[in-house]
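Numbering of ligands and ligand atoms starts at 1, following listing order.
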Amino acid sequence: MSLTGEMLIGAGALRGTGQSFTGYDAASGAALDPAYGSATEADVARACILADEAFAPYRAASPEIRAKFLELAAAKIDALGDALTDRACAETGLPRGRIEGERGRTVGQLRLFAQEVREGSWQDVRLDPALPDRKPLPRPDLRMRMIPLGPVAVFGASNFPLAFSVAGGDTASALAAGCPVVVKAHPAHPGTSEMVGRAVQAAVKEAGLPEGVFSLLFGVGDALGTALVADPHIKAVGFTGSRAGGLALGKIAAARHEPIPVYAEMSSINPVLLLPGALAANGAALGKAFVGSLTMGAGQFCTNPGLLLAIPSDGLDAFVTAAGEAMGDAAAGVMLHKGILAAYEKGVAKLAGSAGVKALGEGHKAEGKAGAAFFGTDAATFAKTPHLADEVFGAAGLLVADADLMALARLIQGLEGQLTITVHMTEDDEALFTALLPVLETKAGRILINGWPTGVEVCHAMVHGGPFPATSDARTTSVGTLAIRRFLRPVCYQNVAEELLPAALQDANPQGLWRRLDGVMTAPV
Ligand SMILES: NC(=O)C1=CN([C@@H]2O[C@H](COP(=O)(O)OP(=O)(O)OC[C@H]3O[C@@H](n4cnc5c(N)ncnc54)[C@H](OP(=O)(O)O)[C@@H]3O)[C@@H](O)[C@H]2O)C=CC1
Ligand SMILES: O=C(O)CCC(=O)C(=O)O
């Protein structure tokens, strides 16, 4: 596919007349053709009007049609072949294996949502039949199902150019729910975005759906995102990026005449608790494995293990020695773009310059690349230095080691919300884990044992979310089939005649759904 630098508004392709920009080769800094023109406010309005026009027919399309559309989009992204991998590698500096894996995750995610649409339990149908003889008052016939919210604005993330970008989890879950999507491409990977966008646009056409089901806008600066979130046709927002960006979009959404939900995944330091039994049994191996997780993709994962907590012991010494050695072998990493590299270097310098913080290991350094960094401190220093709890986006980790178990417990209690909390433990640690679990549950969306948080499985039970600032809404996830719920709302139908009811609610159950009948989950017959 040859890139044109055009945005995709419905079935059309046109060059934005706003500020021009290009993608860059993340490793060399060289500009990559073609140039992209930023969308104007009129372009945003046009894409949102088309999305609004598409909403009624798209949500009325049968589950089978929507599922087939998602599968078509997946097949077309697969068919982009090596050209997509080459472009994504160039624009992000991420290694080939990672991009290939991410493509698999992206198309797998679209196919999983296709299955989810067919399976139908996302409609959460509840039937409370009429009780005409109930005393003192009869009960009317009440039936409930979930319906889509309306057009959704999605902001592509810089660090996952496929799985959290144009056809990533936010887009897949919104389309599955029956919501048209208007994407703002991340300006750090416009070529990758155009390729994927054209694949989705072609899938819309081949599936015979209204053109406004999908649009892709390009632009740099805040104006485009601001106009998109403010557009009255948009009914929800999906975002992965910085805390400042997510909060800014949340403010715009809340200030609208009709406020709308913003599902922003923002900032997390993903604490790892190294319990004494695990350190005694495996200290050195854990130290090495930690560095593997920390440095993966130059640390540019929101699930990066940025904070470690432990009680001093011989096992912890072995952990620190092994981690320090592994850091010494860690190559300097290409970061996604210059801004992210600059923010990382600033964050590491701030850690290095903090009183009571010492370096425990560092990776190789190279001009224009990021060196991994590992620091250590104690609980009292952590408590009196609030910025030590801030996310440093990249391969930087901080170990808080303290003999005072209660001080570590208070530290956990004082943490902000997290995407993940990891616990390394053996049977010897079970009592401690059991005591900590109620607190951990209040802090994170995912609690994992004896693993590492990077690399999220896309499945039905996944929660990639968590209390603020991990996300703006702790009740949801942005990965896995549960993500569809963000873009749905319940509607109750009271005393609507059988022949007038939506198919999902009819007595005949033509969609073959599991439904709650008078509160009892009931199989289709
Ligand atoms: N925790 C996580 O998952 C991630 C965190 N980050 C953090 O974000 C930093 C910057 O990375 P980046 O990926 O560019 O994330 P940003 O949050 O800066 O940008 C993400 C997207 O949101 C848009 N945007 C941001 N702020 C606004 C605003 N005020 N109004 C309208 N639109 C806005 C950007 O547009 P435009 O660029 O055109 O201004 C871009 O399209 C990193 O250094 C890192 O700290 C990044 C990725 C993931
Ligand atoms: O670890 C993962 O697979 C997902 C990470 C993520 O959501 C992110 O970095 O934005």
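The shortest distance between side-chain heavy atoms of Ile340 and Phe393 falls below 4.5 Å. Two residues are said to be in side-chain contact when any heavy atoms from C-beta on lie closer than 4.5 Å; Tyr36 and Ser20 fail this criterion. Residues Pro305 and Thr422 form no side-chain contact, since every pair of their non-hydrogen atoms from C-beta on lies 4.5 Å or further apart.
Contact annotation for atom 24 (N) of ligand 1: protein absent (non-hydrogen atoms, distance under 4.0 Å).
Residue contacts with ligand 1, taken as heavy atom pairs separated by less than 4.0 Å, involve Ser242 via backbone and side-chain atoms alike. When heavy-atom distances to ligand 1 are checked against a 4.0 Å cut-off, Tyr344 has no atom that comes that close, whether in backbone or side chain. Here Asp222 has heavy atoms under 4.0 Å from ligand 1 in both its backbone and its side chain. With a 4.0 Å heavy-atom cut-off, ligand 1 is reached by the side chain of Lys184 but not by its N, CA, C or O. When non-hydrogen atoms are compared, ligand 2 lies under 4.0 Å from neither the backbone nor the side chain of Met266.
Looking from atom 45 (O) of ligand 1 to the surrounding protein, the closest heavy atom is Phe393 CB, 3.4 Å. Among all non-hydrogen protein atoms, the one lying nearest atom 7 (O) of ligand 2 is His464 NE2, 2.6 Å. Among protein heavy atoms, the minimum distance from atom 10 (C) of ligand 1 is reached at Ile340 CG1, 4.2 Å. Looking only at protein heavy atoms, the nearest one to atom 32 (N) of ligand 1 is Leu249 CD2, 3.9 Å. The nearest protein atom to atom 5 (C) of ligand 1, hydrogens excluded, is given as Gly241 O, 3.3 Å; this is a heavy-atom distance. For atom 1 (O) of ligand 2, the closest non-hydrogen atom on the protein side is Thr303 OG1, 2.7 Å. The nearest heavy-atom contact from the protein to atom 10 (O) of ligand 2 is Cys302 SG, 2.9 Å.
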Before giving the answer on side chain to side chain contact (heavy atoms under 4.5 Å, CB included), spell out for His387 and Ser354 the whole-Å C-alpha distance, their side-chain angles and the decisive distance to 0.1 Å.
CA-CA 9 Å; His387 77 80; Ser354 296; 2.9 Å; yes
Run the ring pair (Phe, Tyr, Trp, His ring centres under 6.0 Å) test on Phe290 and His424 for me, step by step, so that the C-alpha distance in whole Å, both residues' side-chain angles and the decisive distance to 0.1 Å come before the verdict.
CA-CA 11 Å; Phe290 157 64; His424 282 279; 9.7 Å; no
For side chain to side chain contact (heavy atoms under 4.5 Å, CB included), just list the numbers for Ser215 and Leu8, CA-CA rounded to whole Å, side-chain angles, deciding distance to a tenth of an Å, and then say yes or no.
CA-CA 5 Å; Ser215 289; Leu8 310 175; 5.9 Å; no
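Below 4.0 Å from some heavy atom of Phe239 lie the following atoms of ligand 1, by number and element: 17 (O), 20 (C), 21 (C), 22 (O). Proximity to Phe301 (heavy-atom distance under 4.0 Å) selects the following atoms of ligand 2: 1 (O), 2 (C), 9 (O). Residue Asn159 approaches ligand 2 through these ligand atoms, each under 4.0 Å from one of its heavy atoms: 8 (C), 9 (O), 10 (O). Atom numbering of ligand 1 starts at 1 in the shown order; those under 4.0 Å from a heavy atom of Gly245 are 25 (C), 26 (N). Interface atoms of ligand 2 facing Val456, defined by a heavy-atom separation under 4.0 Å, are 1 (O), 2 (C), 3 (O), 4 (C). Every atom of ligand 1 with a heavy atom of Thr240 under 4.0 Å away is listed here by number and element: 3 (O). Short contacts between ligand 1 and Cys302, defined as distances under 4.0 Å to a heavy atom of the residue, involve ligand atoms 1 (N), 2 (C), 3 (O). Counting atoms of ligand 2 from 1 in the listed order, those under 4.0 Å from a heavy atom of Thr240 are 10 (O). For ligand 1, the atoms closer than 4.0 angstrom to any heavy atom of Gly219 are 38 (O). The distance from ligand 1 to the heavy atoms of Ala248 drops below 4.0 Å at these ligand atoms: 29 (N). Taking every non-hydrogen atom of Pro187 and a distance limit under 4.0 Å, the qualifying atoms of ligand 1 come out as 37 (O), 38 (O), 41 (O). Near Glu265, meaning under 4.0 Å from any of its heavy atoms, are these atoms of ligand 1: 3 (O).
With no hydrogens or angles considered, a side-chain donor-acceptor pair links Arg198 and Thr4 at under 3.5 Å.
When only interatomic distances are considered, the shortest N/O to N/O separation between Met266 and ligand 1 falls below 3.5 Å. Looking at ligand 1, you won't find any N or O of Asn159 less than 3.5 Å from one of its N or O atoms. Residue contacts with ligand 1: Gly221 is placed with a nitrogen or oxygen under 3.5 Å of a nitrogen or oxygen of the ligand (distance criterion only). Some N or O of Ser158 is nearer than 3.5 Å to an N or O of ligand 1, by distance alone.
Taking all heavy atoms of His186, Met335, Gln300 into account, the minimum distance to atom 40 (C) of ligand 1 is reached by His186.
Residue Ile252 places every heavy atom at 4.0 Å or more from ligand 1. Contact between Gly455 and ligand 2 is present, with at least one heavy atom of the residue lying under 4.0 Å from the ligand. Contact annotation: His337 has at least one heavy atom less than 4.0 Å from an atom of ligand 1.
Exactly one of Leu307, Thr442, Leu436 qualifies for a side-chain contact (heavy atoms from CB on, under 4.5 Å) with Ile412. That residue is Leu436. Just one of Gln418, Glu391, Glu416 meets the side-chain hydrogen bond (donor to acceptor under 3.5 Å, both in side chains) condition when paired with Ser268; it is Gln418.
Every residue was checked against the side chain to side chain donor-acceptor pair (under 3.5 Å) condition with Asn282, not counting sequence neighbours, and none meets it.
We find that Lys235 and Glu258 are joined by a salt bridge, their nearest charged nitrogen and carboxylate oxygen being less than 4.0 Å apart. Between Arg15 and Asp43 there is no salt bridge, since none of the side-chain N atoms of the basic residue sits less than 4.0 Å from a carboxylate O of the acidic one. Salt-bridge formation is detected for the pair Arg111/Asp78: a Lys NZ or Arg NE/NH1/NH2 atom is positioned less than 4.0 Å from an Asp or Glu carboxylate oxygen. Using a cut-off of 4.0 Å between Lys/Arg side-chain N and Asp/Glu carboxylate O, Lys350 and Asp390 are scored as not salt-bridged.
Proximity of a side-chain donor or acceptor of Asn270 to a complementary backbone N or O of Thr420 within less than 3.5 Å is detected.
Phe214 approaches Val183 most closely through the heavy-atom pair CE1-CG2, 3.8 Å. Across Ala199 and Leu80, no two heavy atoms sit closer than the pair CB-CD1, 4.2 Å.
The aromatic rings of His189 and His186 lie parallel to each other, with less than 30° between the two planes, well short of the 60° mark. Between Phe218 and Phe21, the ring planes are tilted. Angles from 30° to 60° get that label.
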